[in-house]
Amino acid sequence: MISCFDYKVPNGKLVRVRAEFQGELVLALKITGDFFMHPEHGIELVEAAAKGKTLEELQGAIERAVEENSITLFGVSPEAIAHAVKMASGQSGQV
Amino acid sequence: MVGKPMDAFTNMAIDKAVLFSRPKPTVRLYQWKPAAVSIGCFQGLEQEVDLNACSKHGIDVVRRITGGGAVFHDKEITYSIVLDEESGVVPSALKESYGKICGAVIRGLAFLGVDAAYVPLNDLVANGRKISGCAQTRREKGILQHGTVLMQVDVEKMFSVLKVPDEKIRGKMIASVKDRVTSLERELGRPVSAGKVMSALKKGFESEFGVKLVKGCLTSGEKALAAEFREDFASRGWNRCR
């Protein structure tokens with residue numbers, strides 16, 4: 001199942017996720033939006049970190065990727081990304 | 001550096017070429033011809049831009065190497081500044097460095113008679129409305145920050161090329177943006193020329209950083225690099241990577 005969710009982070013930016021799920025497992029994740037991430041290639045590392053994780057594991061996995069790769073986020077957070085993916089997993093409007 | 005207006009791909013290529021060459025701290029003031037939409041490096045091209053409308057109106061579309069949102073570059077001045085990360089000219093902390101560079105733009109606007117304030121991370125507001133936005137990247141131990149100063153704003157035109165999240169609320173969204181965005185013309189009650197804005201911004205950078213800017217042009221190395229990067233910025237692969 002592939003589904004999308006757009007999440008406006010409170011006091012932050014817009015985060016759009018497109019995730020592929022198998023049950024509770026995230027098989028693939030694409031994150032887009034008008035947030036800032038330094039360095040910019042960190043986005044691929046964050047997306048890769050989500051692969052194969054359950055929805056429960058997701059936030060922790062993103063937090064680790066951010067910390068281990070010294071990624072700075074503005075307008076978005078691991079919590080916000082994980083929240084958007086969780087919301088996507090519950091969407092009925094799958095594509 | 002001040003040059004004639006360039007297309008979107010050339011403008012972005014020059015900013016990147018200067019960042020990767022970095023001979024001296026460089027401030028560039030420029031315009032876009034034809035008008036263009038630039039999107040942030042994390043944005044989805046088709047999510048943000050009505051490509052058919054852009055094509056119909058001859059508007060360029062380019063993905064930046066910096067984050068942030070989609071920008072319609074029409075009646076505005078864009079600035080870019082490139083610095084060595086280790087020069088100490090701006091604080092090493094990201095947020096503080098945005099603030100320092102925005103300080104130069106605030107001073108420039110003050111020379112025009114507009115009182116603006118910095119709203120972290122990337123906005124300047126005048127009378128509570130956004131008049132300037134910016135974005136920064138750090139590569140190869142260099143800092144590039146580019147941003148725009150709105151001379152005039154046409155929200156209807158802007159949303160004829162930018163997509164709105166929900167078509168059902170297009171009218172409401174346009175009204176909301178009109179209320180949240182301003183321009184030099186609106187603040188001053190009269191039009192202001194590009195030359196005057198560029199001159200004020202130059203003075204703003206000089207005043208904030210305590211330097212005298214010397215007019216320059218691209219070196220042959222920067223020109224070659226810009227030509228190479230222009231191909232990338234114009235490519236389908238880069239612009240559609242998200």
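Sequence lines set the chain letters: A, B, ... in the order given, protein chains first and strands last, and positions in each chain run from 1. Keep in mind the model is a prediction, meaning the values are calculated, not measured.
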**Student:** At what distance, to the nearest 0.5 angstrom, does OG1 of B:Thr137 lie from CE of A:Met37?
**Tutor:** 12.5 Å
**Student:** Could you tell me whether A:Glu56 atom CD has more than 12 heavy atoms of other residues or ligands within 6.0 Å of it?
**Tutor:** no
**Student:** Take atom CG of A:Asn69 as the centre, draw a 6.0 Å sphere, and report whether it contains more than 12 heavy atoms from other residues, nucleotides or ligands.
**Tutor:** yes
**Student:** Looking at CD of B:Gln47 and OG1 of A:Thr32, how far apart are the two atoms once the value is rounded to the nearest 0.5 Å?
**Tutor:** 3.5 Å
**Student:** Does A:Ile31 offer a backbone N or O that forms a donor-acceptor pair with the side chain of B:Arg242 under 3.5 Å?
**Tutor:** yes
**Student:** Looking only at heavy atoms, what is the nearest atom pair of A:Phe36 and B:Cys134, with distance?
**Tutor:** CZ-O, 3.8 Å
**Student:** When heavy-atom pairs shorter than 4.5 Å are enumerated against chain A, which of B:Gly69, B:Gly40, B:Gly68 gives the highest number?
**Tutor:** B:Gly68
**Student:** When rounded to the nearest 0.5 angstrom, what is the spacing between CZ in B:Arg139 and CD in A:Glu40?
**Tutor:** 4.5 Å
**Student:** Assess whether atom NZ of A:Lys8 is packed by more than 12 heavy atoms of other residues, nucleotides or ligands within 6.0 Å.
**Tutor:** yes
**Student:** Can you tell me which portion of B:Ala70 sits under 4.5 Å from chain A's heavy atoms? Options are side chain, backbone, both or neither.
**Tutor:** neither
**Student:** Does a sphere of radius 6.0 Å around CD in B:Glu96 hold more than 12 heavy atoms from other residues, nucleotides or ligands, not counting ones at 6.0 Å or beyond?
**Tutor:** yes
**Student:** Please work out whether the ring planes of B:Tyr98 and A:Phe74 are parallel, tilted or perpendicular, with thresholds of 30° and 60°.
**Tutor:** perpendicular
**Student:** CD of A:Glu44 to SG of B:Cys241: how many Å apart, nearest 0.5 Å?
**Tutor:** 8.0 Å
**Student:** So which part of B:Ile65 gets closer than 4.5 Å to some heavy atom of chain A, the side chain, the backbone, both or neither?
**Tutor:** backbone
**Student:** Quick one: does A:Lys13's side chain get under 4.5 Å of B:Asn122's, heavy atoms only?
**Tutor:** yes
